[in-house]
Amino acid sequence: MMRCRVAIAGFGGVGSAVATLLLSRRERFIRLYGKDVRLVAVCGSRAGTSNPSGLENEDLKTLDPGSSGADFLLSSGADVLIEAGPTDFRTGAPGLDYIKSFLSAGRDAVVVSKGALVHSGRELRHLARQTGATLRISGATGAALPNIDLLEHALQGCSILQIEGILNATTNYLLDAMITDGTSFPDALAHAQVAGFAEADPRYDVEGWDTACKMLLLANFALDADLMIDDITVDGIQNVTSAMIDEWRQSRQVPKLVGRLWYEEACPRIRVGIEALSVDDLLAQVRGKNKAIRISTDTMGEITTFGCGTEPTATAAAALKDLERILASRTASVS
Ligand SMILES: NC(=O)c1ccc[n+]([C@@H]2O[C@H](COP(=O)([O-])OP(=O)(O)OC[C@H]3O[C@@H](n4cnc5c(N)ncnc54)[C@H](OP(=O)(O)O)[C@@H]3O)[C@@H](O)[C@H]2O)c1
């Protein structure tokens, strides 16, 4: 039976969940794709472990100091990288080095972190085309919400007229708590941090950058745009006051942080900011940590999806969905 060897870069919440889920699905991979999937290496920033015959759950409890970096993962013999390190969209590091190394070697990459894709998406796509490697990014574009699947597959053949995305769980939770319960911004944020879903430094989410990165990736990867992060007008929710909340309430409006893509003379434009939606708007019904995307098309009308899985498992599952696509295409290419 053909083997598929997987390496994971970034072994925190998502990376560990990917490993657990992958090891629990080996029978499924054999049954559906005839592939013996082995996890051959994992690493964090300073330590890792590898075994060309395959790691088991027990092996992942202790990592060897010094075993990290792109060369370490490449030398494990992995033919698929699952990258789940930190996101830095201004430099692309540290994911960029891992992704480039794998794609350059003609090996496939499933990417969860947004940084490298935002910073060097065009270069990475070009590299993948050149070497025949596959680059998949579901985990970076909304994870359990199948945003990129909709654009790449389900709406195939349509012209996309507009996208509206509520794509960040933290900001949706904060605005929802303020408008529904009258909770103040600092109290809602403190609650989200104690509950573990808002970051200790929440600026990337709260200032709208996470939403901007996801919208940019959808535009560049699914709609073949060529936008840079600085092409996007980004406003967050950090300046929302109780007086603004009162005003929205009185006018029966619901504030949402919306990433909006539209076309101007055939050029895609994106902005991220608070939009005051009518209470009757479907997107106004997106509560708590849920996310949603509404896509307007020329021939299939308006498609809206809502969702929220439990993290980090939901994001890990999105990465494994991408792995399954790779397994399926390998099966198809040998049959
Ligand atoms: N958590 C979620 O629900 C979620 C959802 C969607 C997308 N994401 C994205 O997924 C990525 C991972 O999130 P997470 O929650 O798993 O973060 P995390 O728990 O902070 O884990 C990050 C991991 O990256 C490792 N790392 C840092 N620098 C590295 C390097 N140079 N080489 C290899 N590994 C390195 C860290 O290693 P050390 O432990 O050694 O520092 C750690 O293991 C982020 O980009 C995040 O934006 C997360």
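When a ligand or atom number is given, it counts from 1 through the structure's own listing order.
- A salt bridge is defined here as a Lys NZ or Arg NE, NH1 or NH2 lying under 4.0 Å from an Asp or Glu carboxylate O, and R325 with D108 fails to meet this definition.
- For atom 17 (O) of ligand 1, the protein comes within 4.0 Å by no heavy atom at all.
- If you check which protein heavy atom lies closest to atom 22 (C) of ligand 1, you get A84 O, 4.1 Å.
- For atom 42 (C) of ligand 1, the nearest protein heavy atom (residue, atom name, distance) is G12 N, 3.7 Å.
- Ion pairing between a basic and an acidic side chain is recognised when a charged N comes within 4.0 Å of a carboxylate O; D149 and K321 show such pairing.
- When hydrogens are left out, the protein atom nearest atom 25 (C) of ligand 1 is G10 CA, 3.8 Å; that is the closest non-hydrogen contact.
- The shortest N or O to N or O distance between V112 and ligand 1 is not under 3.5 Å.
- The shortest contact between atom 13 (O) of ligand 1 and any protein heavy atom is with V14 CG2, 3.7 Å.
- Proximity of atom 20 (O) of ligand 1 to the protein is not indicated, since no non-hydrogen protein atom lies closer than 4.0 angstrom.
- At least one heavy atom of Y98 lies less than 4.0 angstrom from ligand 1.
- The pair E324-R136 fails the salt-bridge criterion, with no side-chain N (NZ, NE, NH1 or NH2) lying under 4.0 Å from an Asp/Glu carboxylate O.
- A salt bridge does not link R38 to D79: none of the charged side-chain nitrogens sits closer than 4.0 Å to a carboxylate oxygen.
- Cation-pi geometry between R330 and Y33 is not met at under 6.0 angstrom from the ring centre and within 45 degrees of the axis.
- Nearest-heavy-atom check against atom 27 (C) of ligand 1 across G85, P86, S113 picks out P86.
- Between the N290 side chain and the A292 main chain, no donor and acceptor come within less than 3.5 Å of each other.
- Given atom 34 (N) of ligand 1, the protein heavy atom at minimum distance is G44 C, 3.1 Å.
- By the 4.0 Å N-to-carboxylate-O rule, R3 lies close enough to D36 to be salt-bridged with it.
- A donor-acceptor pair under 3.5 Å is formed between the side chain of D281 and the backbone N or O of L283.
- Checked by atom type, the side-chain pair D322/S138 shows a donor-acceptor distance below 3.5 Å.
- Summarising the geometry of V14 relative to A316, their closest heavy-atom pair is O-CB, 4.2 Å, with the distance given to 0.1 Å.
- The closest heavy-atom contact to atom 38 (P) of ligand 1, among the options S68, A140, G15, S45, comes from S45.
- Considering backbone and side-chain N/O atoms, P312 never comes within less than 3.5 Å of an N/O atom of ligand 1.
- Look at E164 and R260 and you find a salt bridge, because one of the NZ, NE, NH1 or NH2 atoms lies within 4.0 Å of a carboxylate O, short of that distance.
- Every atom of ligand 1 with a heavy atom of E311 under 4.0 Å away is listed here by number and element: 3 (O).
- Within ligand 1, the atoms closer than 4.0 Å to a non-hydrogen atom of P94 are 28 (N), 29 (C), 30 (C), 31 (N), numbered from 1 in the order shown.
- For atom 6 (C) of ligand 1, the nearest protein heavy atom (residue, atom name, distance) is T315 OG1, 3.3 Å.
- Not a single N or O atom of A143, backbone or side chain, sits closer than 3.5 Å to an N or O atom of ligand 1.
- Of all atoms in ligand 1, listed by their number and element, those nearer than 4.0 Å to a heavy atom of T87 are 45 (O), 47 (O).
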